[in-house]
Amino acid sequence: MAREFQRGHKAKISDLTPGTDLYVGVQIAAPGLTFDISCFGLDANEQLSDDRYFIFFNQPKSPEESIQLLGAQSGDTESFRVTLDRIPAAIQKLSFTATLDGSGQMSQIGPGYIRIVAGGEEVVRYAFTGSEFTTERAVMLGDFYLKDVWRFAAVGQGFDGGLDALLKNFGGEVAEEEAPPAAAPAAAPGFAPPAQAAAPPAFGAPPAAQAPQPAPSFGAPPAPTPSPAPQQPMHAAPTIAAPLAPQTPQVPQAPSPYGQPHQPQQPQFGQVPGQGAPPAPPFGQQAPAPYGQPAPAPYGQQPPVGMPPGVPQGMPQGVPQGVPATGAGLQAALQPYKETATGQRWTPQNQQLMRVDLTMGGSGVLARQGSMVMYQGKVDFGYKSAGFVGRAVGNATGQEMQLMRCTGRGQVFLAEEGSHLHPIELQGDAICVSAESVLAFDESLQYEVRRVEGHGIPGGALFTMQFQGTGTVIVKTHGTPVVLPVTPTTFADCNAVVAWSAASQVIVSSQVRLRRNAYPGHSGETVNLQFRGAPGNFIVVQPYEV
């Protein structure tokens with residue numbers, strides 16, 4: 001029986017199926033709209049560093065065929081074959097996306113889904129509807145990502161800018177589109193053969209006779225039996241790819257910066273404003289370079305992906321020719337600090353700033369009061385009361401946290417005094433963190449004050465917070481911490497330790513002496529924590545004493 005996912009849900013592939021040869025089907029439709037469904041193969045930095053792993057209608061498979069575009073079949077608008085054990089190590093994530101080809105918005109779509117089929121059986125399905133979106137024109141539906149093992153995440157995050165914004169998010173470049181030829185082709189592009197009556201591939205797709213059609217609650221009615229009528233063209237003009245060879249020997253016009261209106265190109269040196277381009281050179285010869293500009297690339301060589309022909313390779317990508325130096329300098333200066341969107345609920349923007357997307361996960365976030373530095377969207381902030389008992393325990397143990405609850409649909413940016421922030425994802429396990437070192441956490445996590453047994457110090461014990469369940473806790477440190485394995489001889493200063501695995505045995509070790517200055521071998525620390533535990537336990541220590 002297939003597991004029903006909601007936005008933000010994640011699971012290990014091994015928990016869903018023991019197989020690695022998978023069928024991924026996507027169903028998305030809206031009256032009068034056409035969709036492009038693609039797969040981006042991303043590196044460890046979630047960037048499209050190798051464009052051979054951008055799988056779409058014009059490039060239906062990766063070099064080693066670990067990712068293949070299969071076309072429409074078994075009731076799916078588009079389908080893929082993914083062989084996880086053949087994906088190269090450089091590819092750490094597969095993002096399945098849907099973009100609108102033409103006008104429209106994702107809010108117009110009917111119920112749809114992305115599903116995974118293994119061994120002829122559907123193992124997981126993430127269903128979505130147009131009510132989850134507004135003005136988006138591109139949506140990341142689901143991800144396969146490698147985190148020690150391959151996992152699947154239901155994303156459901158969109159971009160208003162469509163395919164261009166999606167490519168820029170993945171570090172790609174968009175080439176200038178050229179005018180379509182005067183004579184339209186007689187037939188639709190043959191990037192995918194029409195559905196046939198033959199049985200689908202046996203590696204994971206369910207047989208055609210047994211394939212369950214989408215239930216009425218999932219969206220558009222089941223597709224009728226394929227008829228000889230021609231398919232609706234899905235791509236009347238190229239939307240992305242490597243730079244296309246120019247059809248006419250015209251001087252290409254530089255693209256405008258992303259988000260700014262197109263500006264007419266300034267006349268070249270020695271050219272009268274309004275005068276047309278110089279005449280084309282004889283066939284087989286290159287056009288001379290404008291005065292003061294480097295010569296174009298030799299015939300047969302292509303400029304870097306995303307840059308128009310004739311732009312020197314030393315020029316920063318995205319900076320068109322002819323733009324005043326002030327505009328290009330401003331764009332280049334702000335580029336390293338742009339917002340990072342990865343499709344995950346928690347996304348570090350840098351070492352000191354964390355972004356949480358409240359539209360993912362379905363639950364609210366509890367954050368330290370005053371830690372919000374910015375938010376976008378419709379977000380509600382409320383006071384989180386610990387109750388009388390909670391306040392009494394917090395005051396008595398020193399583990400009191402003044403929290404606020406963040407709910408709604410939007411993104412909240414959190415920081416505090418320039419501390420380094422570290423997201424720790426829990427999947428049913430537990431971790432102990434000092435309340436002073438907690439910035440925020442998912443409301444779905446359970447937390448309580450835990451006592452650390454000890455002797456020889458006033459009160460006989462220390463206290464810490466224990467978090468357990470499924471969710472993420474954001475830990476803040478002063479400087480870059482170090483993570484050490486727990487051994488029988490592991491000691492840490494209680495004022496420098498930040499967190500440790502909940503399965504570790506912690507003992508308070510006291511070194512109080514009447515005249516400690518008379519003992520040269522003394523560490524100067526009166527209270528240490530000794531950690532013991534089985535292999536796999538750890539402690540986190542910061543280079544700072546609270």
Side-chain angles (χ1 to χ4, degrees), residues 3 5-6 8-12 14-15 147-149 151 153 344-346 354 356 358 360-368 371 384-387 389-407 414 421-454 461-477 481 483-486 490 492 494 497-508 529-542:
R3 290 178 57 180
F5 271 30
Q6 296 181 357
H9 283 187
K10 307 173 185 177
K12 297 179 180 178
S14 58
D15 292 341
K147 186 178 181 181
D148 62 57
V149 295
R151 305 167 187 257
Q344 305 295 330
R345 178 172 169 86
W346 296 90
M354 183 69 59
V356 54
L358 298 177
M360 305 177 62
S363 61
V365 168
L366 298 179
R368 187 178 295 273
S371 61
K384 168 63 175 176
S385 174
V389 176
R391 291 196 301 270
V393 172
N395 291 332
T397 61
Q399 299 297 306
E400 183 179 9
M401 292 187 293
Q402 299 292 332
L403 299 174
M404 61 179 179
R405 176 184 284 111
C406 309
T407 56
L414 304 171
L421 305 180
H422 313 274
I424 300 178
E425 182 180 354
L426 302 180
Q427 296 185 350
D429 42 1
I431 189 172
C432 294
V433 187
S434 171
E436 181 64 26
S437 300
V438 176
L439 179 72
F441 55 92
D442 285 322
E443 195 173 16
S444 58
L445 291 176
Q446 302 174 0
Y447 60 99
E448 61 180 355
V449 178
R450 181 179 178 182
R451 186 184 186 200
V452 179
E453 299 296 337
L462 295 176
F463 298 90
T464 187
M465 298 294 299
Q466 176 174 301
F467 293 86
Q468 187 172 8
T470 301
T472 300
V473 56
I474 307 301
V475 176
K476 59 188 184 74
T477 65
V483 180
L484 299 174
V486 170
T490 300
C494 65
V497 66
V498 175
W500 62 85
S501 52
S504 302
Q505 180 185 6
V506 187
I507 302 175
V508 177
L529 298 179
Q530 180 181 6
F531 294 85
R532 300 175 182 175
N537 288 282
F538 62 89
I539 62 171
V540 182
V541 181
Q542 63 184 356

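These numbers come from a predicted model, not from an experiment. Counting begins at 1 with the first residue of the sequence.
- Using a 4.5 Å heavy-atom threshold, the side chains of Arg532 and Ser504 count as separate.
- Val475 pairs with exactly one of Val433, Leu421, Ile431 by the side chain to side chain contact (heavy atoms under 4.5 Å, CB included) rule, that one being Val433.
- Shown here are the side-chain hydrogen bond (donor to acceptor under 3.5 Å, both in side chains) partners of Gln468, two or more places apart in sequence or in another chain: there are none.
- Taking both residues in full, the closest heavy atoms of Arg450 and Cys432 are given as NH1-SG, 3.3 Å, listed atom of the first, atom of the second, then distance.
- Of the inter-residue distances, the one linking Asp15 atom CG with Gln427 atom CD reads 8.5 Å to the nearest 0.5 angstrom.
- The two atoms that bring Ser434 and Thr464 nearest to each other are N-OG1, 3.6 Å, heavy atoms only.
- Residues Ser501 and Phe538 are in side-chain contact: their nearest non-hydrogen atoms beyond the backbone lie under 4.5 Å apart.
- A pairwise comparison of heavy atoms in Leu358 and Cys406 identifies CD2-O, 3.8 Å as the closest pair.
- Ring centroids of Trp500 and Phe531 are separated by less than 6.0 Å, placing the two rings close together.
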(message) Please determine whether side chain to side chain contact (heavy atoms under 4.5 Å, CB included) holds for the pair His422 and Ile474, giving the CA-CA distance in whole Å, both sets of side-chain angles, and the decisive distance to 0.1 Å.
(response) CA-CA 6 Å; His422 313 274; Ile474 307 301; over 6 Å; no

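- In this structure, CD on Gln446 lies 8.5 Å from CD on Glu448, to the nearest 0.5 angstrom.
- Not counting sequence neighbours, Ser371 has no partner by the side-chain hydrogen bond (donor to acceptor under 3.5 Å, both in side chains) test.
- Contact check for Pro481 versus Val498: no side-chain heavy atoms found under the 4.5 Å cut-off.
- Counting only heavy atoms from C-beta outward, the side chains of Lys10 and Glu425 approach each other to under 4.5 Å.
- Note that CG of Leu484 and CD1 of Ile539 are 5.0 Å apart. Values are rounded to the nearest 0.5 Å.
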Donor-acceptor list for residues 438-445 side chains, cut-off 3.5 Å, not counting sequence neighbours:
unit_1: Asp442; atom_1: OD1; unit_2: Arg345; atom_2: NE; d: 2.8
unit_1: Asp442; atom_1: OD1; unit_2: Arg345; atom_2: NH2; d: 3.1
unit_1: Asp442; atom_1: OD1; unit_2: Trp346; atom_2: NE1; d: 3.3
unit_1: Asp442; atom_1: OD2; unit_2: Trp346; atom_2: NE1; d: 3.4
unit_1: Asp442; atom_1: OD2; unit_2: Thr472; atom_2: N; d: 2.8
unit_1: Glu443; atom_1: OE2; unit_2: Arg405; atom_2: NE; d: 2.6
unit_1: Glu443; atom_1: OE2; unit_2: Arg405; atom_2: NH2; d: 2.8
unit_1: Ser444; atom_1: OG; unit_2: Thr470; atom_2: O; d: 3.0

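- Few gaps surround CD on Gln466; more than 12 heavy atoms of other groups in view lie less than 6.0 Å from it.
- For the atom pair Gln344 CD and Met360 CE, the distance stands at 6.0 Å (nearest 0.5 Å).
- For Leu426 against Phe467, the heavy-atom pair with the smallest separation is CD1-O, 3.7 Å.
- Interatomic distance, Asn537 CG to Thr490 OG1, rounded to the nearest 0.5 Å: 10.5 Å.
- Taking all atoms of both residues into account, the shortest heavy-atom contact from Arg368 to Lys476 is NE-CE, 4.0 Å.
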